[in-house]
Amino acid sequence: MRRIIISLAAIGGIALGGGWLATAPGSVSQGALAGLSGDPLAGEAVFWAAGCASCHAASGAQGDARLVLAGGQRFASDFGTFVAPNISMHPEQGIGGWTERQFITALQHGASPDGQHYYPAFPYTAYRLAEPQDLVDLWAFWQTLPAADLPSQPHDLGFPFSIRRAVGVWNILNLQDDFTITGDLTETQARGRYLAEALAHCAECHTPRDALGGLDRTRWMAGAPNPSGSGTIPALTPDKLTWSEAEIAAYLNDGFTPDFDSAGGSMVSVIANLAMLPETDRLALAAYLKALPPVGD
Amino acid sequence: MKTRSTFAAIAAIAGIAITTTATFAQDVPAAVGARQGQFKIMALNVGVLGNMARGNTEYDAGQASAAAANLVALSMLDQSFHWPEGTDNMSIDGTRALPAIWENLPEFVMKWEAFGAAATGLAAEAGNGLDALRAAIGPVGGTCGACHDAYRAPQ
């Protein structure tokens, strides 16, 4: 822990020196969105695939309550506790006053409208890989969501993690513009990869992290300690997850394992999201998981 | 399994107290074994229905009704003796029951009752065709998930 603090302080020092510009948050150019218009119906599918409600709706919310993105859920980590903010359409407490470009800058660059870094508990690292059209559709769907007036609460982070600018250094180390799984994929596997890596951000829980909290891409989906308590998040690689593709797709729809145990923990909410997608998408996710390289022990 | 039970029997005859170790997964308090057993019966019967709903097995009205009736019967088991204090996963090995159960007992009981209500709804529909079964099994799965979301640790 001490070593982490010293190295973070060191990179913080670099950031204060020559790296100040390099650690500034990026933004989406106006040109990148030119000519795109949003379809709220398509955006709803993106909304469920991207799992927004799992963190930003109230804990345990069901049905229409999952569309109320008032925030407030707390996420323990090695760096402190993150609190999901209000991202409902409320103009003051939420993001109802944002422009489409500000919304997509947040999703793909992890930056707020006033140029502050978000913490990577928010998976902009994944959404960065999303197609602009999907995010424009998502924003169109967002306009149909309710406003909630619950004020966002501050994160509870210790020094030096409380320095937002240091996230700029973290971004230099961890942001990437390519998928992790490369090589020849079938159309179905590629769709599954897009869903898993760009939208559903499965790796955020299922891939282990390094000392600074970056994903260890050499052990992609190899399973990881549960950040919020006891137990482990299971591996999804084909040497570990031996269910058939049909069984995986069925689990992602009805929440039952092949022997009809039921999903637990955060996966309950994930399945509530994925059950809203067409069956072909769940099968695509299953095909992608089967294409992962085995990680061994 | 055979060797294991033989060993257990011999140990018992010899009057040797077997201390609880990870090697003997069955060496959990009786209440924990009992509640895990009831969930195994639940999974078996949900499986009969779930496999029909998924199209893995052919729909059979009689079997569907019987499995759903078993779920209702399970839901009526009084849970008073299955969840003694000190049987959470922080206190003992061999369970995934979170301490939160005992911190929120009334809510936990409500979730058990919600399972009963959903199972009763399923029992009313399970014999009325595959579509009726499919519509009524969703809420049962929802009650499984709602409780496991809050009260069961990952593996």
Task: Side chain, backbone, both or neither of A/Ala263 within contact of chain B (heavy atoms, under 4.5 Å) - done: backbone
Task: Shortest non-hydrogen contact between B/Asp149 and A/Gly60, atoms and distance - done: OD2-CA, 4.5 Å
Task: B/His148 to A/Gly264 - nearest heavy-atom pair and separation - done: CB-CA, 3.6 Å
Open item on the list: Check B/Arg152 with A/Asp261, please: is the shortest side-chain N to carboxylate O separation under 4.0 Å?
Closed with: yes
Task: Student check: side-chain heavy atoms of B/Met42 and A/Phe260 closer than 4.5 Å - done: no
TODO: Pick whichever of B/Leu44, B/Leu49, B/Asn51 has the most heavy-atom pairs under 4.5 Å with chain A.
DONE: B/Asn51
TODO: Indicate the atoms forming the closest heavy-atom contact of B/Gly145 with A/Ser262, along with that distance.
DONE: N-OG, 4.1 Å
- [ ] Give, for atom CG of B/Asn56 and atom CD of A/Glu247, the distance between the pair rounded to the nearest 0.5 Å.
- [x] 8.0 Å
Task: Part of A/Ser266 within contact of chain B (heavy atom distance under 4.5 Å) - done: backbone
- [ ] Identify which part of A/Thr257 has an atom lying under 4.5 Å from any heavy atom of chain B, answering side chain, backbone, both or neither.
- [x] backbone
